[in-house]
Enquirer: 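Please read through the structure below; I'll follow up with questions.
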Number of protein chains: 2
Amino acid sequence: MEKFKIIFIFVLQTICMDNKKEITIHDIARELDISASTVSRALNNNPKISLKTRKKIQDFALKLGYRPNIIASNLRTQRTFTIGIVVPLINRHFFSSVISGVEAYASEAGYNVIIAQSNDQYDKETSIAHSLYSNRVDGVIISIAMESEDFTHLSLFTNKSIPLVFFDRAPKEIYTHKIIVDDYAGGYKATKHLIDQGYKKIAHISGPLNLQIYKDRLQGYKDALKDAGLVIDETLILHNRLIREVATNAFRKLITSPSKPDACFCGNDTTALSSIIYCKENGIKVPEDIGIVGFSNEPFSEVVTPSISTIKQPGFEMGQTACELLIEQIENKSNPIDFQTLTMPNELIVRGSSVRK
Amino acid sequence: MEKFKIIFIFVLQTICMDNKKEITIHDIARELDISASTVSRALNNNPKISLKTRKKIQDFALKLGYRPNIIASNLRTQRTFTIGIVVPLINRHFFSSVISGVEAYASEAGYNVIIAQSNDQYDKETSIAHSLYSNRVDGVIISIAMESEDFTHLSLFTNKSIPLVFFDRAPKEIYTHKIIVDDYAGGYKATKHLIDQGYKKIAHISGPLNLQIYKDRLQGYKDALKDAGLVIDETLILHNRLIREVATNAFRKLITSPSKPDACFCGNDTTALSSIIYCKENGIKVPEDIGIVGFSNEPFSEVVTPSISTIKQPGFEMGQTACELLIEQIENKSNPIDFQTLTMPNELIVRGSSVRK
DNA sequence: TTATTTTGTGCAATCGATTGCATTTATTTG
DNA sequence: CAAATAAATGCAATCGATTGCACAAAATAA
């Protein structure tokens with residue numbers, strides 16, 4: 001009698017799909033009068049289970065609308081199939097492209113992506129690291145915050161051998177996979193282009209030098225000048241946080257200084273745009289009076305007037321590659337790995353802001 | 001003898017921080033010679049445990065670098081403190097702003113955010129829904145894909161009363177919280193503005209009408225015309241997927257048609273931009289020959305020439321609000337809730353593309 | 001001092017899937 | 001047909017934290 005009651009309730013539940021109770025492998029086992037282990041193995045297509053039994057179980061599971069409890073599985077297997085990605089700012093074209101690439105690759109490989117943004121703050125980055133760690137992500141992809149100068153918070157991962165892949169902004173101190181853009185070449189190309197266009201006094205508005213990317217762009221700039229036999233005028237090199245207001249001030253300082261430049265290689269497109277807007281407002285002609293090149297190929301740089309010459313970075317591809325390297329590491333934990341630093345090619349896009357007619 | 005060995009190993013492990021073995025509440029319990037339950041309660045600051053014991057346990061846990069295994073906790077409590085957000089395209093300013101807002105609010109409230117992008121595809125959206133469901137997210141924030149016309153895949157959530165909040169693109173069929181922009185008012189304002197500027201034959205390039213937002217914008221457009229006593233010319237209304245190439249074609253069709261318009265209210269900024277570029281290439285002057293208004297206030301619309309008049313949508317705030325509503329629902333599951341449809345105010349931003357001198 | 005209440009801890013089951021090892025069943029071989 | 005091998009399945013422990021209930025200890029009341 002009691003047994004009938006239970007079966008009745010169970011049947012009721014399977015019919016009425018909006019029940020609260022989840023179906024588990026034990027429910028299936030009970031109904032089919034086999035053990036939960038067999039059910040588990042069958043659902044995972046374990047060849048130890050006969051094809052017939054597997055089919056029977058899978059069909060039944062499907063009929064019941066069974067969904068595995070991933071959390072229970074995670075607990076047992078010590079895997080979460082989740083990776084974390086940390087970016088300075090989600091809402092920035094380059095970074096959201098990278099995220100998009102990561103997400104595309106990850107979802108294809110059966111991983112979830114948890115995103116977090118550091119707002120370029122060290123403290124936020126630290127708390128994110130703790131949170132991702134506590135959530136037992138299988139691996140982390142990160143581009144470090146502008147503010148971050150030490151990286152002890154990331155040792156959470158390295159200590160437990162949780163794979164870590166850096167992209168774009170990678171610290172020298174940590175030995176792991178890195179996907180970077182060839183910032184040196186980018187800086188060189190941008191500067192060389194300005195030189196080729198006949199500009200002579202080329203300034204550079206750079207970002208904070210604790211970020212390797214800005215160091216490299218700066219070095220590329222310097223070497224291009226050197227190779228062309230031009231002198232490096234340190235008064236034409238500024239370091240800033242490359243955000244709008246600050247960038248405008250920096251540009252004003254340059255343009256009104258005694259050693260007034262006739263071109264400017266800006267550390268990013270935002271700065272290039274600020275500079276162009278400043279020029280428009282002050283009757284300075286771009287590219288006639290001053291040539292401008294940016295960095296990153298933000299969507300707007302193509303469509304402003306004049307359009308901005310810039311260095312195109314393959315964000316989406318970087319995300320994909322980073323994710324590929326990460327998952328490879330996650331899934332071959334035993335094998336020793338040679339860490340590599342992949343340098344993605346970037347590309348000079350010549351537009352109106354730097355081409356004298 | 002055996003016991004000493006075990007203790008020795010344990011001490012070794014706690015000293016050597018880069019060990020693989022995780023510390024659990026049982027380890028702490030054993031060391032402190034109390035029960036695991038007490039440790040668990042102490043770490044959760046349960047007042048049932050005396051202050052003295054709590055302090056002792058917490059200090060010890062800190063010293064050992066203990067981190068709770070969230071997965072085990074999730075399994076037991078049936079909560080994950082994770083919410084999913086599904087957007088058509090991550091790499092799009094409006095959506096990444098919303099994500100940013102969601103992330104900001106969620107991380108403050110102790111939740112993780114899993115992101116996924118549907119690429120505006122129905123199939124992808126469906127598989128995302130299954131994946132989020134299987135991963136036992138506590139709630140979902142979603143803006144539906146252009147392709148999606150039925151919403152049975154979302155009943156996964158509604159059936160199990162997993163809270164769901166829609167933003168921007170929300171289906172009428174599902175009764176839950178919705179955060180939308182006042183698309184009707186936006187369409188009305190945009191059109192009214194063009195009328196006020198003296199334009200007479202105002203076209204509209206709309207998106208697919210299975211999305212409510214485009215319906216509403218269209219209705220706003222029509223009503224504005226009606227209220228101004230202008231006729232609605234159906235040949236001046238086109239429906240398209242609002243992507244670049246398609247939009248350009250649509251605009252060409254309009255401008256070369258017999259009933260050539262003198263203004264165009266475009267369904268989004270991308271379309272507005274495509275139109276402007278087309279005009280530039282064909283010697284048509286904006287705003288003199290044709291006035292143009294877009295929608296969304298993409299970053300580029302401010303900086304192109306002419307700058308694009310548009311409707312500004314508060315993406316970040318929408319994300320925050322959506323997340324707030326979602327978490328409120330998650331945490332008050334028992335209470336019956338009155339679902340609300342919040343209409344966020346939007347704002348007409350008048351720029352160069354629609355103002356005749 | 002004893003009875004009663006309050007406070008603090010422990011026991012043991014639970015969440016749901018996985019997996020090494022034991023056991024049963026089917027198949028092959030001598 | 002018995003023995004040996006292979007194939008299929010089950011048992012029970014495990015992952016680590018949580019929690020209802022029982023119980024012991026301490027504090028209070030009678």
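Each chain gets a letter, A, B and so on, in the order the sequences are listed, and its residues count up from 1.
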Enquirer: Under a 4.0 Å threshold between the charged nitrogen and the carboxylate oxygen, would A:D59 count as salt-bridged to A:R54?
Expert: no
Enquirer: Over how many whole Å does the gap from A:I34 atom CD1 to D:dC11 atom P extend?
Expert: 11 Å
Enquirer: Does a side-chain N-to-carboxylate-O contact under 4.0 Å join B:R169 and B:D120?
Expert: yes
Enquirer: Shortest non-hydrogen contact from A:L326 to A:P163?
Expert: CD1-O, 3.6 Å
Enquirer: For A:D150, is there any backbone N or O sitting under 3.5 Å from a side-chain donor or acceptor partner on A:S148?
Expert: no
Enquirer: Answer yes when A:E147 and A:K124 have at least one side-chain N-carboxylate O distance shorter than 4.0 Å, and no when they do not.
Expert: no
Enquirer: Hey, what are the protein-to-nucleotides 24-26 of chain D N/O distances that come in under 3.5 Å?
Expert:
none

Enquirer: Flag yes if more than 12 heavy atoms outside B:Q340 fall under 6.0 Å of its CD atom; otherwise flag no.
Expert: yes
Enquirer: List the protein contact pattern of nucleotides 14-21 of chain D with one symbol per nucleotide (5' to 3'): B for base contact, S for sugar-phosphate-only contact, - for none; contact means a heavy-atom distance under 4.0 Å.
Expert: BBBBBBBB
Enquirer: Rounded to whole angstroms, how far apart are CG on A:N46 and C1' on D:dG10?
Expert: 14 Å
Enquirer: With under 30° as parallel and over 60° as perpendicular, where do the rings of A:H177 and A:F339 fit, or are they tilted in between?
Expert: perpendicular
Enquirer: Once you round it to whole Å, what is the distance between C1' of D:dT9 and CG of A:L51?
Expert: 15 Å
Enquirer: Can you check the B:R54 CZ to C:dT7 C1' distance for me, whole Å?
Expert: 12 Å
Enquirer: Under 4.0 Å between a Lys/Arg side-chain N and an Asp/Glu carboxylate O for A:E31 and A:K63?
Expert: no
